[in-house]
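For reference, the structure is listed below as structure tokens.
We name chains A, B, ... by the order of the sequence lines, and we start the count at 1 in each one. Below, each value reflects all heavy atoms present in this structure, side chains not excepted, and no hydrogens, waters or symmetry copies.
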There are 2 protein chains.
Amino acid sequence: MPVTLHDLARKLGVSVATVSRALSGAPGVAEETRRRIVEAAEAMQYRPNVLAQRLQKQRTDTIGFIIPTFGPRFSDPFFSELLAGIGNEAAVHEYDLLVSTRPPGEEEMIAYERMVQERRVDGLLVVRTRRHDPRIEYLQSHHFPFVAFGRCEAEEPFPYVDVDGEAGMYRLTHHLIAKGHRRIAYITVSDALMFSHYRIQGYRRALEEAGLPFDAELIVEAGMSDEEGFRAGQALLRREPPPTAIIAATDLIALGVMGAAESCGVQVGSDLAVAGFDDISLASLAHPPLTTLRQPIYAIGQTICRMLLERILQGTIAEPYRLLQPELIVRASTDFVYPSE
Amino acid sequence: MPVTLHDLARKLGVSVATVSRALSGAPGVAEETRRRIVEAAEAMQYRPNVLAQRLQKQRTDTIGFIIPTFGPRFSDPFFSELLAGIGNEAAVHEYDLLVSTRPPGEEEMIAYERMVQERRVDGLLVVRTRRHDPRIEYLQSHHFPFVAFGRCEAEEPFPYVDVDGEAGMYRLTHHLIAKGHRRIAYITVSDALMFSHYRIQGYRRALEEAGLPFDAELIVEAGMSDEEGFRAGQALLRREPPPTAIIAATDLIALGVMGAAESCGVQVGSDLAVAGFDDISLASLAHPPLTTLRQPIYAIGQTICRMLLERILQGTIAEPYRLLQPELIVRASTDFVYPSE
DNA sequence: CTTGACATCGTAAACGTTTTCGCTTATACT
DNA sequence: AGTATAAGCGAAAACGTTTACGATGTCAAG
């Protein structure tokens with residue numbers, strides 16, 4: 001049986017209130033008494049019952065994070081890094097982190113409702129925002145504290161951190177155009193995802209600005225995995241004439257494209273330029289190393305966590321809207337000049 | 001203000017006890033009364049306060065999972081998949097999942113002590129077991145429910161799921177020897193990690209059995225990342241003469257080795273055989289596709305979670321020790337016969 | 001010597017449930 | 001008609017804290 005405040009109080013001949021005060025550092029208890037209590041607590045290995053504390057304080061000291069998983073084989077280096085950032089930051093502030101993994105849709109919303117209505121957490125982290133995002137609408141309508149990684153087309157503003165995918169893809173596309181590419185294909189993911197929507201817009205803007213036509217033949221939609229990138233890459237390489245460059249919405253997809261090129265006997269870096277987005281660590285070790293746009297995933301995890309705690313503890317966030325610029329990392333996968341026609 | 005049992009009871013002119021019974025499905029309440037209560041609860045959008053439930057039941061309905069992170073840039077596809085398996089299984093049983101991310105060592109132990117002593121969770125999942133594992137000793141000495149992914153050199157047995165790395169590496173090494181390789185290098189990770197210890201033993205056993213010498217020159221220790229694999233690969237390729245095959249303790253490392261070969265102008269698949277362990281999804285898309293040993297990570301996540309719940313709910317586990325055989329997946333990275341001398 | 005301020009501590013309510021126990025009433029059996 | 005049995009329900013304790021409030025005692029100022 002674990003020792004409680006009662007046990008301590010009885011042992012010392014004082015009241016539970018005094019013990020509680022002494023241990024929490026509240027004022028109104030003599031220094032000598034406090035010393036006795038603290039010593040006894042130490043000796044008896046007293047540990048507070050967090051369940052009781054939480055019920056009393058009506059706070060869980062916990063934040064929630066529901067990871068949208070796509071398919072059973074959910075293997076995404078992006079999330080482990082984000083999770084590490086969030087988890088370590090939460091630990092610094094002595095907050096617990098409640099994680100759920102749910103595929104987007106019905107079940108996911110149920111998970112959100114559980115967290116909110118049953119008050120399992122004090123706040124939530126939302127990632128992979130969608131253009132029309134029911135999760136965000138729900139949280140807003142319930143005035144529940146949350147911070148998002150990604151923007152969304154909502155009426156009301158909400159605190160977020162995002163990476164400027166439009167500007168990033170614009171720069172990347174521009175880079176390829178400058179290298180002489182004219183047939184630049186693009187592998188997108190579901191347009192319902194906000195980041196995907198922004199990224200392809202940057203691609204289109206760069207084409208437009210260069211006076212290049214937007215060719216629907218060169219756009220393919222894929223799922224967010226390397227396997228899907230492989231398939232999309234194969235499809236694109238069968239176009240007549242094939243593209244000279246392929247931009248993928250994410251690094252994972254781009255790695256799949258490189259696999260596809262390999263399987264078609266196409267040399268990435270000399271026959272075909274490939275680029276991605278994220279700069280996961282495998283990007284620099286790919287064959288050849290992959291040109292990409294770097295976003296500081298770990299730091300973003302830390303930041304959204306810190307912002308959420310700010311919101312929970314102080315009620316407001318000093319800097320609630322943060323748009324980061326991704327850094328263009330040019331590597332060998334795009335580093336050759338395509339002969340102009 | 002959220003509605004409580006009291007509110008419902010007052011509204012309906014019954015006692016809280018009856019409302020509680022009606023809603024929990026306990027016997028001793030008339031069908032008609034139950035119907036009225038359930039209807040009212042629905043109408044008033046009653047949601048139980050889990051904090052109060054937990055304090056009363058002295059159970060958290062939560063399991064804990066402390067992820068050992070190595071370095072700030074923690075990008076490991078292995079963990080996202082394992083986490084998905086655990087998380088989805090926990091959701092099926094309506095259990096919450098509390099996740100911490102801590103680098104191994106002091107801080108990690110503190111996280112374990114918090115979880116156990118402050119009763120934040122009903123049970124714990126332990127992964128990446130170490131040969132001498134203080135976490136397991138601690139949990140055993142406190143009789144705290146847990147299940148491990150991986151074995152360890154402990155006095156007392158404990159429930160675990162593991163993949164037979166020794167047998168796996170033996171088969172893989174044997175495969176390379178059969179292909180004619182004689183100078184087979186091995187990149188290991190810290191021998192303190194149980195799985196690493198087992199895997200290299202399999203390698204040694206295969207060498208021994210084939211009458212090949214164990215050459216310390218051909219063994220390199222690395223960290224568990226692709227970057228570290230890159231460095232280790234470079235180091236091995238500078239040996240005189242260089243190895244004709246390199247086995248890496250994990251796929252992530254193997255992918256790094258392939259990057260290193262690339263940077264040295266060595267053709268993987270024809271000049272050098274490379275193999276890994278895990279079969280992460282990128283392995284099949286590597287250049288060339290990577291020979292590896294497959295372990296069903298997602299399913300293992302599900303299994304350890306289910307076993308832990310079995311332990312918590314029933315007090316015992318039907319099949320507490322499970323050793324799975326990894327499947328050798330031969331791909332192009334080792335699929336050539338090395339000319340015998 | 002009285003008054004007020006202050007320090008120290010205890011009492012008790014509160015947080016929202018679950019569950020034991022006992023009471024009443026209705027039903028069945030002798 | 002009387003008694004055992006069970007069904008339906010309420011009162012109250014319990015889970016382990018925190019905290020508002022009140023009680024007591026001490027001491028300095030008037």
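- Ion pair A:Arg114/B:Glu94 flagged as a salt bridge, since at least one NZ, NE, NH1 or NH2 atom sits closer than 4.0 Å to an Asp/Glu carboxylate oxygen.
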Intermediate values then yes/no, ring-ring contact (aromatic ring centres under 6.0 Å, His included), B:Phe149 and B:Tyr160 | CA-CA 6 Å; B:Phe149 178 10; B:Tyr160 66 84; 10.0 Å; no
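- No side-chain heavy atom of A:Thr69 sits less than 4.5 Å from a side-chain heavy atom of A:Phe79.
- The residue from B:Arg130, B:Arg128, B:Arg102 that alone fulfils the salt bridge (Lys or Arg N to Asp or Glu O under 4.0 Å) condition with B:Glu108 is B:Arg130.
- Taking for each of B:Arg119 and B:Thr33 the nucleotide of DNA chain D with the nearest heavy atom, the 5'-most of the two is the partner of B:Thr33.
- The ring-ring contact (aromatic ring centres under 6.0 Å, His included) test applied to A:His142 returns A:Tyr138, not counting sequence neighbours.
- Salt bridge annotation for A:Arg120-B:Asp96: present, with a cationic side-chain nitrogen under 4.0 angstrom from a carboxylate oxygen.
- The stretch residues 11-19 of chain A comes close to DNA chain D through A:Ala17, each having a heavy atom under 4.0 Å from the strand.
- Ionic pairing of A:Glu39 and A:Arg35 is present here: one or more N-O contacts between side-chain nitrogen and carboxylate oxygen are shorter than 4.0 angstrom.
- Remark: side-chain polar atoms of A:Ser24 are paired, donor with acceptor, to backbone N or O of A:Ser20 under 3.5 angstrom.
- Within residues 40-59 of chain B, the residues having any heavy atom closer than 4.0 Å to DNA chain D are, in order of number, B:Leu55, B:Gln56, B:Gln58.
- Judged by distance alone, the side chains of B:Tyr46 and B:Asp7 never bring a donor and an acceptor atom under 3.5 Å apart.
- Note on A:Asp122 versus A:Lys57: no salt bridge recorded, every NZ/NE/NH1/NH2 to OD/OE distance being 4.0 Å or above.
- Across all strands shown, A:Ser24 has no heavy atoms under 4.0 Å from either base or sugar-phosphate atoms.
- Using a 4.0 Å cutoff to heavy atoms of chain A, the contacted part of DNA chain D runs 5' to 3' from D:dG16 to D:dA20.
- Remark: B:Glu118 does not engage A:Arg47 in a salt bridge, criterion side-chain N to carboxylate O under 4.0 Å.
- Axis angle between the ends of the helix from C:dC1-D:dG30 to C:dT30-D:dA1, five pairs each and rounded to 10 degrees, works out to 60°.
- Put simply, the side chain of B:Thr4 does not reach to within 4.5 Å of the side chain of B:Asn49, judged on heavy atoms.
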For residues 306-318 of chain B, please give each side-chain donor-acceptor pair under 3.5 Å, one per line with the distance, not counting sequence neighbours.
| residue | atom | partner | partner atom | Å |
| --- | --- | --- | --- | --- |
| B:Arg306 | NE | B:Glu89 | OE2 | 3.0 |
| B:Glu310 | OE2 | B:Ala318 | N | 2.8 |

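- A:Ser20 comes within contact range of at least one nucleobase, with a heavy-atom separation under 4.0 Å.
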